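Below: the structure, in structure tokens.
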Amino acid sequence: MPRAVYRVLAGCLSLLLVACESTTPQQYFSRAVLNVNLLYGFAGDVMHNQLATPGVKLVDAKTGATAPAKRAEILKDKLDAIEASFAKVKALKSTDDTREMLQASTALYEFVLPVYKNEYRQLAALYDENAAPDKIAALTRTITEKYAPKFQEMHRALITVGKTYAAKHGIMVKEVNPSPGR
């Protein structure tokens, strides 16, 4: 084959690879907005109930034996999922079109992560150590009072900018629960 044909084929292949690597508006929206559903219940009843009434974990697959899950394990799993989701947001390229949405998403993750790593870790330890119920209730109340209002404000801001982005790109959005803290 002549060199010109190779060049044309190489050019087409390059364009195809570039096209495959670009992130679609749907992917931006999913990673930056929809994935914050992992934060549902932050500083509210949902997260507190997950710690108050943990499930069980399988300890022996052969016998089917289970044991109560430690709150520290529940929290670690939650934190791992949140950090993985946040890494996907941070990996997105910021453009004029996505900047506001990515900033709002990043700000929300950066707001909640220290609380999970500090206050929620302390709360999980209190549960695992069978601390006095009033001590657990006090920390639970502190988390809610200190963080729920700001979380809900930041979440609403992200949803607002996310809806605008979705409408601009023809992404169908249906808000199911406008109150993420409770």
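The structure presented is a predicted model; accordingly, all values stated were derived computationally and were not measured.
Here the straight-line distance linking atom CZ of Arg121 with atom CG of Leu79 works out to 6.0 Å at 0.5 Å rounding.
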Steps toward side-chain contact (heavy atoms from CB on, under 4.5 Å) verdict (Met47, Ile143): CA-CA 11 Å; Met47 186 61 198; Ile143 293 170; over 6 Å; no
Pair Val36-Tyr109, side-chain contact (heavy atoms from CB on, under 4.5 Å): steps then yes or no: CA-CA 8 Å; Val36 299; Tyr109 280 105; 3.9 Å; yes
CA sep, side-chain torsions, deciding dist, call: Gln27, Leu92, side-chain contact (heavy atoms from CB on, under 4.5 Å): CA-CA 9 Å; Gln27 290 168 323; Leu92 291 169; 5.9 Å; no
Worked verdict on Leu126 versus Gln122 for side-chain contact (heavy atoms from CB on, under 4.5 Å): CA-CA 6 Å; Leu126 289 176; Gln122 293 169 12; 5.6 Å; no
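When atom types are taken as modelled, the side chain of Ser105 and the backbone of Met101 share no donor-acceptor pair closer than 3.5 angstrom. Checked by atom type and distance alone, the side chain of Tyr147 never pairs as donor or acceptor with a backbone atom of Phe111 at under 3.5 Å. Of the possible donor and acceptor atoms, one in the side chain of Asn37 sits under 3.5 Å from a partner among the backbone N and O of Leu34. Here the side chain of Arg71 pairs a donor or acceptor atom with the backbone of Leu51 at under 3.5 angstrom. Lys78 places a side-chain N or O within donor-acceptor distance of the main-chain N or O of Leu38, the cut-off being under 3.5 Å. One N or O on the side chain of Thr160 and one on the backbone of Arg156 form a donor-acceptor pair closer than 3.5 Å. In this structure a side-chain-to-backbone donor-acceptor pair under 3.5 Å is missing from Thr98 to Ser94. Remark: side-chain polar atoms of Tyr116 are not paired, donor with acceptor, to backbone N or O of Lys76 under 3.5 angstrom.
Between Lys117 and Glu83 there is a salt bridge, with a side-chain nitrogen of the basic residue lying less than 4.0 Å from a carboxylate oxygen of the acidic one.
When side chains are defined from C-beta on, Val115 does not count as touching Lys146, because their heavy atoms never get closer than 4.5 Å. Residues Arg31 and Leu102 fail the side-chain proximity criterion, which asks for heavy atoms closer than 4.5 Å. In this structure the side chain of Leu123 reaches within 4.5 angstrom of the side chain of His48, judged on heavy atoms. Contact annotation: the side chain of Val161 never approaches that of Gln103 to less than 4.5 Å [non-hydrogen atoms, C-beta and beyond].
The aromatic rings of Phe151 and Phe42 sit tilted relative to each other, their planes meeting at an angle between 30° and 60°.
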